[in-house]
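The residues of the chain are indexed from 1 along the displayed sequence.
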Amino acid sequence: MTLPARRLFVGHRLRDLRRVLGISQAAMAARIGLSVSYLSQIENGDRPVTEGVLITLAREFPADWGSIDAADDTALLIATLEAVSDTSVEAPALDETAVRRAVKHQPLLAQRLVAMHDAYRRAQEQLRALDDRLVAGSGAPGLLPWEDVRDWFHAAGNYVDALDRRAEEIGETLGADRIAALEARLATKGVSIAISGALAAPLRDYDGATLRLDGSQPGETTLFSLAHQVARHEFGDVIGGIVAASEMASETARALLTAGLTNYAAGAIVMPYTRFRTEARTVRHDIDRLRRIFGTSFEQTCHRLSTLQRPGALGIPFFFCRVDMAGNITKRHSATRLQFARFGGACPLWIVHEAVAIPDRILTQLIETTDGIRYVSMAKGLVKPSETYTRPARRYAVALGCEEANASEFIYADALGTGGIATPIGSSCRICLRTDCDQRAFPPAASGIRVDPDRRGAVPYEVV
């Protein structure tokens with residue numbers, strides 16, 4: 001006797017997800033291909049959610065929807081569909097009906113396929129990590145200190161709840177003149193503020209009693225520096241506990257993590273989580289409008305957007321990175337499936353490299369990574385002028401992006417539309433498996449090449 005399929009009522013989860021995302025029933029219904037009345041019935045618990053709707057939710061909101069009951073066959077079906085649709089694996093596409101049939105009749109085989117795909121993805125991550133080390137020229141057996149700290153923030157999802165909530169409490173009490181309020185708060189700690197007019201002065205210099213700030217810096221830098229000092233004094237115990245629990249391999253790594261956590265807290269003070277997330281959704285993540293509201297720099301605002309991962313109040317998952325004139329990624333964070341900690345920065349097709357050379361102009365791009373995931377990417381070149389002709393200005397670009405599924409909530413996607421032709425972005429040429437790239441600098445390490453003396457393409461060999 002065949003048991004009837006289990007009816008799954010998860011309307012409360014779907015309603016909570018919609019509220020976390022800050023979108024209406026109509027917008028959610030359009031995203032997952034349902035009528036508003038049908039969605040309303042599911043949310044109210046009047047109708048069970050179907051297998052098709054579960055699959056759509058998992059595809060549209062991979063980070064937000066989370067896992068489905070592992071005992072449900074639908075969880076295995078979703079994982080199997082993800083495995084067989086990975087475009088980084090060169091194999092013919094499988095019909096969804098055939099996959100459903102295989103999961104139903106050969107569940108152990110499907111579980112094995114999913115496990116092998118997970119192992120493949122982990123191996124790719126390890127390969128990217130090794131390539132990062134090769135590019136950096138490091139032969140040391142362990143992680144370098146900044147790599148250790150970078151990986152810690154990646155593992156934490158670039159969100160530190162204990163710091164974020166305490167910083168928000170401070171940020172919401174500062175009032176209109178936040179610089180004066182922060183100076184007054186520091187005064188209660190015995191810290192006086194002095195403005196330095198010296199040439200090439202440090203941005204911030206603290207001697208235990210006086211905080212000297214570079215007077216040539218813009219207001220947003222002064223604001224951030226004051227917030228940083230407040231975080232040092234008021235969050236020292238929390239930060240110390242986090243660093244102690246991190247098991248960092250070296251004293252240098254622990255010092256870097258301490259500085260990184262202090263900077264994180266400073267950003268959370270000047271851009272308090274709840275209000276910043278609300279304003280970001282209201283202006284559709286328009287960075288220039290946000291920076292005017294919060295008195296922050298373009299880079300600070302981009303960075304903060306990549307940290308909005310508070311449980312129960314998630315922001316749009318963004319990736320964020322900073323790239324210098326030489327193409328080095330000097331800062332990287334991601335709440336999306338694109339993980340720059342293992343992605344590298346060498347692909348010349350990514351528009352962030354062009355943005356470095358064109359300051360104060362926003363460039364947009366629809367990109368697709370080798371796993372078939374499409375992202376809307378924005379990049380802007382920035383210049384931090386020096387105080388003298390004898391010191392060159394700092395030039396770099398910042399990039400921010402989200403998965404195409406969230407394009408309607410990202411104002412920069414308006415210039416691109418969705419469903420169009422995406423630029424195929426690869427990782428480092430050493431591990432990128434694209435065989436038809438005209439921009440390839442050298443062949444992938446794991447592949448062979450064939451040279452035809454009678455035929456020449458964009459590159460003088462064919463990857464085989």
Side-chain angles (χ1 to χ4, degrees), residues 20 22 149-150 152-186 189 203-204 211 219-243 245-246 256-283 285 287 289-320 322 331-335 398 400:
V20 165
V149 172
R150 180 192 66 188
W152 186 92
F153 274 102
H154 170 57
N158 201 30
Y159 175 76
V160 187
D161 191 73
L163 284 179
D164 215 301
R165 292 184 185 274
R166 288 185 59 174
E168 183 175 28
E169 292 175 1
I170 293 176
E172 293 295 12
T173 65
L174 297 180
D177 192 344
R178 292 182 295 169
I179 288 180
L182 289 170
E183 289 179 342
R185 198 175 187 102
L186 287 170
K189 308 294 181 182
L203 296 180
R204 184 179 64 247
L211 176 65
E220 58 262 27
T221 302
T222 298
L223 176 65
F224 191 88
S225 294
L226 291 169
H228 178 97
Q229 194 67 32
V230 166
R232 285 188 63 185
H233 282 274
E234 301 198 24
F235 300 156
D237 56 340
V238 178
I239 292 174
I242 295 172
V243 173
S246 69
L256 286 172
L257 180 57
T258 299
L261 289 169
T262 309
N263 283 332
Y264 178 98
I269 289 174
V270 299
M271 291 169 278
Y273 192 101
T274 303
R275 183 155 53 92
F276 184 80
R277 174 179 174 271
T278 299
E279 293 286 359
R281 288 190 177 278
T282 300
V283 302
H285 304 89
I287 297 162
R289 292 183 66 181
L290 282 172
R291 64 187 295 261
R292 289 185 63 185
I293 294 170
F294 290 92
T296 50
S297 71
F298 197 92
E299 179 183 347
Q300 290 166 358
T301 308
C302 287
H303 191 173
R304 184 57 169 155
L305 285 172
S306 73
T307 69
L308 301 183
Q309 296 300 300
R310 178 177 292 179
L314 294 172
I316 297 299
F318 282 108
F319 65 77
F320 161 72
R322 184 178 66 194
K331 186 184 290 186
R332 58 188 87 185
H333 299 289
S334 179
V398 294
L400 187 76

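With rounding to the nearest 0.5 Å, the separation of CE in Met271 from OG1 in Thr296 is 5.0 Å. Residue Ser246 holds its OG atom at 12.0 Å from CD1 of Ile239, rounded to the nearest 0.5 Å. Rounding to the nearest 0.5 Å places CZ of Arg166 at 8.0 Å from CD of Glu169. Here the CZ-NZ distance, from Arg232 to Lys189, works out to 14.0 Å after rounding to the nearest 0.5 Å. For the atom pair CZ of Arg150 and CG of Asn158, the computed distance is 13.0 Å after rounding to the nearest 0.5 Å. In this structure, OG on Ser225 lies 6.0 Å from CG on Leu203, to the nearest 0.5 angstrom.
Residues Phe276 and Leu305 meet the side-chain proximity criterion, which asks for heavy atoms closer than 4.5 Å. Here the side chains of Val238 and Val160 are not in contact, with every heavy-atom distance at 4.5 Å or above. In this structure, Val243 and Trp152 have side chains that are not in contact, with every pair of non-hydrogen atoms separated by 4.5 Å or more. Within the 4.5 Å cutoff, the side chain of Phe235 has heavy atoms near those of the Ile170 side chain. The shortest side-chain heavy-atom distance between His285 and Phe318 falls under the 4.5 Å cut-off. Annotation: side chain of Phe153 is in contact with side chain of Leu261 (closest heavy-atom distance under 4.5 Å). Contact annotation: the side chain of Leu182 approaches that of Leu174 to within less than 4.5 Å [non-hydrogen atoms, C-beta and beyond].
For the residue pair Ser306 and Ala335, the shortest heavy atom distance occurs at O-CB, 4.3 Å. The two atoms that bring His233 and Leu186 nearest to each other are CD2-CD2, 4.1 Å, heavy atoms only. For the pair Leu223 and Gly295, the tightest heavy-atom approach, listed with the atom from each and the gap, is CD2-O, 3.8 Å. When all heavy atoms of Thr173 and Arg185 are compared, the pair lying nearest together is OG1-NH1, 4.1 Å. Shown here for His228 and Ala259, the closest heavy-atom pair between the two residues is CE1-O, 4.5 Å. The nearest pair of heavy atoms linking Ala265 to Ala167 is O-CB, 3.7 Å.
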- Evaluate the side-chain hydrogen bond (donor to acceptor under 3.5 Å, both in side chains) criterion for residues Arg304 and Thr301: first the C-alpha distance (whole Å), next the side-chain angles of each, then the deciding distance (0.1 Å), finally the verdict. CA-CA 5 Å; Arg304 184 57 169 155; Thr301 308; over 6 Å; no

- Would you sort out whether Phe294 and Gln300 count as a side-chain contact (heavy atoms from CB on, under 4.5 Å), showing the intermediate values? CA-CA 10 Å; Phe294 290 92; Gln300 290 166 358; over 6 Å; no

- Message: Tyr264 vs Asp164, test: side-chain hydrogen bond (donor to acceptor under 3.5 Å, both in side chains). Steps then yes/no.
- Response: CA-CA 8 Å; Tyr264 178 98; Asp164 215 301; 2.5 Å; yes

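Ring geometry for His303 against Phe320 counts as parallel: the plane angle stays under 30°, on a 0 to 90° scale with 60° as the upper cut. Ring geometry for Tyr273 versus Tyr159: interplanar angle over 60°, hence perpendicular rather than tilted (30 to 60°).
For Arg275, the CZ atom counts as densely surrounded, since its 6.0 Å shell holds more than 12 non-hydrogen atoms of other residues, nucleotides or ligands.
Under the 3.5 Å distance criterion, the side-chain polar atoms of Glu168 are matched with a main-chain donor or acceptor of Thr274.
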